[in-house]
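Single-structure report; data block below.
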Amino acid sequence: MSATTTLHSVSVRPALSADEEALGELDRSTWSTLHAVMPRPQPPYDPFFDERHRPEDFLVAEAVTEAVTESGATDGSGGTRIAGYIRLVPPTPLACNAHVRQIQGLAVAAWARGAGVGRTLLRAACAEARRQGANRITLRVLGHNTPARALYASEGFAVEGVLSGEFFLHGRYVDDVLMGRSLAP
């Protein structure tokens with residue numbers, strides 16, 4: 001008998017060093033040609049956190065879950081699990097660019113997709129960017145990543161530029177789409 005995962009609630013918190021293993025596993029399990037410009041990770045895996053990817057750069061979505069069997073019964077294997085993450089950083093170290101934050105990674109576990117986790121993380125990143133004093137937020141997304149582009153557009157991000165054929169992935173050229181939005185209230 002198989003079970004499905006039901007999400008009861010999602011909360012967002014800053015990442016902790018202790019999240020490294022779970023975030024590394026999530027990152028590897030969500031690798032896809034839809035969004036990745038790097039090759040599929042292979043063992044031995046690099047650490048998830050390093051000098052450029054610090055825990056304080058990430059927000060983590062935690063979901064309270066419950067496993068439900070085909071008959072509708074719960075099997076007691078629920079709990080709190082990491083459902084996704086978003087990386088939010090200054091795009092450059094320049095003082096003249098300090099008013100901007102950039103999303104440089106968003107991942108949602110397969111079992112949590114379609115439940116609003118990505119949207120929740122986006123909204124939390126915008127709130128955190130405002131808290132940090134930013135008045136603008138940007139991101140880059142591959143042109144063929146239609147689901148992500150639709151999510152970003154629905155949250156107020158607009159296409160601000162396209163680097164045509166910026167990447168050569170799996171035998172074809174792919175656009176790099178630059179999106180951004182104001183964080184003004």
Side-chain angles (χ1 to χ4, degrees), residues 7-32 34-38 46-65 80-142 145 147-161 176-185:
L7 273 69
H8 289 291
S9 64
V10 176
S11 59
V12 177
R13 63 167 174 80
L16 306 170
S17 295
D19 296 325
E20 181 162 23
E21 184 178 337
L23 290 173
E25 289 175 16
L26 173 64
D27 196 54
R28 292 186 295 275
S29 73
T30 58
W31 185 95
S32 166
L34 194 59
H35 63 80
V37 295
M38 300 295 288
D46 290 333
F48 186 80
F49 296 129
D50 60 27
E51 288 179 13
R52 289 190 53 239
H53 303 86
R54 304 165 309 157
E56 55 268 26
D57 298 336
F58 291 84
L59 297 174
V60 173
E62 287 186 320
V64 176
T65 64
T80 300
R81 301 168 65 183
I82 290 180
Y85 71 79
I86 195 164
R87 181 172 180 245
L88 181 70
V89 295
T92 73
L94 303 172
C96 60
N97 191 224
H99 64 286
V100 180
R101 290 297 175 273
Q102 187 171 68
I103 294 169
Q104 293 185 358
L106 170 63
V108 176
W111 56 266
R113 291 190 185 139
V117 173
R119 186 174 308 280
T120 299
L121 282 164
L122 264 181
R123 290 177 179 173
C126 288
E128 176 60 18
R130 277 188 206 97
R131 189 194 69 73
Q132 293 177 13
N135 64 19
R136 194 172 144 57
I137 189 166
T138 64
L139 58 85
R140 298 169 69 167
V141 60
L142 294 177
N145 192 343
R149 290 180 64 185
L151 172 63
Y152 301 144
S154 74
E155 288 297 314
F157 287 82
V159 173
E160 297 181 338
D176 189 10
V177 179
L178 312 177
M179 300 182 79
R181 64 165 277 192
S182 169
L183 292 173

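This structure is a prediction, so every number in the text was calculated from the model and none was measured. Numbering starts at 1 and runs along the sequence shown. Excluded from the calculations below are hydrogen atoms, water molecules and symmetry mates; all remaining heavy atoms, backbone and side chain alike, are included.
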Minimal non-hydrogen separation, [X] against [Y], with atom names:
X    : Y    : result
A107 : L121 : O-CD1, 4.2 Å
L23  : A15  : CD1-CB, 4.3 Å
A184 : S182 : N-OG, 3.0 Å
V10  : A61  : CG1-CB, 4.0 Å
A112 : V117 : O-CG2, 3.8 Å
I137 : A129 : CD1-CB, 4.4 Å

In terms of side-chain geometry, is the basic nitrogen of D19 or R13 positioned less than 4.0 Å from the acidic oxygen of its partner?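 Salt bridge flag = yes for R13 with D19.
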
Within residues 123-133 or reaching into it, pairs that qualify as side chain to side chain donor-acceptor pair (under 3.5 Å) - sequence neighbours excluded: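 Qualifying pairs: R101-Q132, R123-E155, E128-R131, E128-Q132.
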
When rounded to the nearest 0.5 angstrom, what is the spacing between [atom1] in [X] and [atom2] in [Y]?
X    : Y    : atom1 : atom2 : value
L88  : Q104 : CG    : CD    : 9.0 Å
E56  : L16  : CD    : CG    : 11.0 Å
R140 : D176 : CZ    : CG    : 4.0 Å
H53  : D27  : NE2   : CG    : 9.0 Å

Counting only N and O atoms by type, is there a donor-acceptor contact under 3.5 Å from the side chain of [X] to the main-chain atoms of [Y]?
X    : Y    : value
R113 : V108 : yes
N145 : L142 : no
E20  : F48  : yes
H35  : T30  : yes

Would you mind reporting whether V159 and R149 have side-chain heavy atoms less than 4.5 Å apart?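 R149 reaches V159 side chain to side chain.
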
If we only count heavy atoms from C-beta on, is the L178 to T138 side-chain gap below 4.5 Å?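 The answer is no; the side chains never approach within 4.5 Å.
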
Do L106 and Y152 pass the side chain to side chain contact (heavy atoms under 4.5 Å, CB included) test, and can you show the C-alpha distance, the side-chain angles, and the key distance before you say yes or no? CA-CA 11 Å; L106 170 63; Y152 301 144; 3.7 Å; yes

List the residues meeting ring-ring contact (aromatic ring centres under 6.0 Å, His included) with F49, not counting sequence neighbours, and say none if there are none.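 F58.
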
Does the side chain to side chain contact (heavy atoms under 4.5 Å, CB included) test come out yes or no for V141 and F157, once each step is laid out? CA-CA 11 Å; V141 60; F157 287 82; over 6 Å; no

Partner of R136 by side chain to side chain contact (heavy atoms under 4.5 Å, CB included), out of L183, V100, N97: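 When L183, V100, N97 are each tested with R136, the side chain to side chain contact (heavy atoms under 4.5 Å, CB included) holds only for V100.
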
